[in-house]
K.L.:
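Below you'll find the structure I mean.
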Amino acid sequence: MTVKNALLALLEQGPMYGYQLRTEFERRTGATWPLNVGQVYTTLTRLERDGLVAEDGADTEGHVVYRVTDAGRDEVAAWFTTPVARTQPPRDELAIKLALAVTVPGVDVGSVIQQQRSATMAALQDYTRLKRRGPDPASTQEPHDLAWSLVLDSLVFAAEAEVRWLDHCETRLRRAQLERPAPSPAASPATASEETVR
Amino acid sequence: MSGPASSPVLELRDVTRVHGEGEAAVQALRGVSFAAYAGELVAVMGPSGSGKSTLLTLAGGLDTPTSGVVSVEGVDLAGAGAVGRARMRRTSLGYVFQDFNLIPALTAAENVALPLELDGRSGREARALAREALAEVGITELADRFPDHMSGGQQQRVAIARAVVGERRLVLADEPTGALDTETGEDVLRLLRARCDAGAAGVMVTHEARHAAWADRVVFLRDGVVVDETGADHVESLADATAQR
Ligand SMILES: Nc1ncnc2c1ncn2[C@@H]1O[C@H](COP(=O)(O)OP(=O)(O)O)[C@@H](O)[C@H]1O
Ligand SMILES: [Mg+2]
């Protein structure tokens with residue numbers, strides 16, 4: 001879905017062949033969501049089948065060049081004027097993992113949280129390093145530098161939110177443990193976890 | 001530069017700090033070992049009450065451990081005595097607080113020059129170094145202003161200048177961005193970062209992940225214990241991709 005719309009939007013700027021499309025996509029988004037050339041060509045084939053792009057001959061080196069059709073332009077316009085659907089959030093492995101960690105007996109939830117916090121912080125450090133190294137977004141004239149810097153910001157905000165959520169989970173967990181003191185070690189692990197969390 | 005090959009600028013070895021006695025005793029730190037090397041900025045994160053400020057005040061010689069050793073540039077702070085510690089606070093290490101802690105009756109330049117003058121440097125020398133430090137943090141033009149007439153961000157810059165003046169090798173900062181908005185906070189981090197890139201060791205307490213991410217390492221405290229630390233070579237492919245750009 002996303003790849004399709006992104007390729008169509010790129011073709012609005014002018015006809016391109018597959019490898020060029022991949023390069024242009026990555027100039028704007030870094031290597032955050034790597035696209036392989038095979039994926040680009042499969043998508044182009046589907047777009048062509050649906051009448052959204054058409055072959056536009058070949059360049060001097062024999063690359064098949066594609067252009068966007070009128071129907072394709074309408075599709076891009078519709079994409080930009082419609083919000084991305086948030087009613088069905090994509091599956092979040094971390095949320096699912098924690099939901100199971102607090103219910104499955106014998107899981108050290110505290111260390112699940114801490115390991116994740118460390119990993120997410122490490123990613124946030126990397127994003128921050130990339131931001132510091134990159135061009136100053138306030139002064140850059142290059143639209144794709146701005147695009148990439150906004151993508152980085154999005155990663156920063158998401159990692160930051162994840163760390164905050166993990167802190168929140170830890171606090172709630174500690175409170176739950178304080179309010180309902182753990183039963184004696186004699187109790188079975190299953191009983192213990194049912195009583196201490198939820 | 002940094003790393004175990006060189007000796008640390010700051011080292012805590014098996015440090016414990018108990019506040020109060022008997023029933024009321026609080027173990028603020030329990031057997032913490034920690035080091036910061038020249039050229040690196042280390043962030044300390046942890047929930048309120050986990051011992052972050054205690055760690056920093058011990059590192060800064062503002063407090064002494066119940067057991068264990070704190071040393072700065074190889075000097076055991078306990079062995080240095082109160083006079084020696086006070087001297088190190090004026091010459092070897094700088095401290096930045098959340099609420100800036102500037103002296104209201106002194107101008108920016110005088111605030112920055114004060115530790116040097118207390119250390120016996122001539123007024124002229126101290127003022128020259130203070131102006132250099134103010135230039136480093138980008139506020140030369142505020143030298144003669146009083147704290148009351150500066151924004152929070154400007155006051156924090158003065159506080160950083162005071163913490164780094166005279167080539168101090170260790171900069172300690174307790175929630176230095178806590179009282180600032182996000183943008184101003186980033187400016188402060190940029191300055192701390194630059195000081196560490198220029199060779200100082202920095203330790204910064206913060207509860208904001210976004211700010212801790214400026215550090216080379218993030219150390220996590222829980223209940224007075226270091227429970228974890230980031231390794232920080234994640235997402236290499238992303239970094240490589242940008243390096244090629
Ligand atoms: N001077 C003191 N007297 C008694 N208890 C203290 C004192 N300073 C700190 N503590 C206690 O030591 C623990 C750690 O405090 P602190 O280092 O300030 O934590 P943080 O900075 O992480 O919030 C807390 O339980 C706090 O109440
Ligand atoms: Mg504190």
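Below, chains carry the letters A, B, ... as their sequence lines are ordered, and counting in each starts from 1.
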K.L.:
Taking every non-hydrogen pair under 4.5 Å, which of A:Met121, A:Glu170, A:Gln115 racks up the most with chain B?
P.N.:
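Most heavy-atom pairs within the cutoff with chain B belong to A:Met121.
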K.L.:
Judged by atom type as modelled, is there a donor-acceptor pair below 3.5 Å linking the side chain of B:Lys52 to the main-chain atoms of B:Met204?
P.N.:
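No, the answer is negative, given that no donor and acceptor are paired below the 3.5 Å cut-off.
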K.L.:
With chain A as the partner, which of B:Glu208, B:Arg193, B:Arg222 has the greatest number of non-hydrogen pairs under 4.5 Å?
P.N.:
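Most heavy-atom pairs under 4.5 Å with chain A: B:Arg222.
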K.L.:
Does any backbone or side-chain atom of A:Arg164 lie under 4.5 Å from a heavy atom of chain B? Answer side chain, backbone, both or neither.
P.N.:
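Contact with chain B: none, neither part.
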K.L.:
Count the heavy atoms of every other residue, nucleotide or ligand shown that sit under 6.0 Å from CD of A:Glu93, and state whether that count exceeds 12.
P.N.:
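Result for CD/A:Glu93: open.
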K.L.:
If you look at every heavy atom in B:Ala35 and B:Pro8, which pair is closest and at what distance?
P.N.:
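So the minimum-distance heavy-atom pair works out to CB-CB, 3.9 Å.
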K.L.:
Do you know which two heavy atoms are closest between B:Ala36 and B:Val42, and how far apart they sit?
P.N.:
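Closest pair (atom of B:Ala36, atom of B:Val42, distance): CB-CG2, 4.2 Å.
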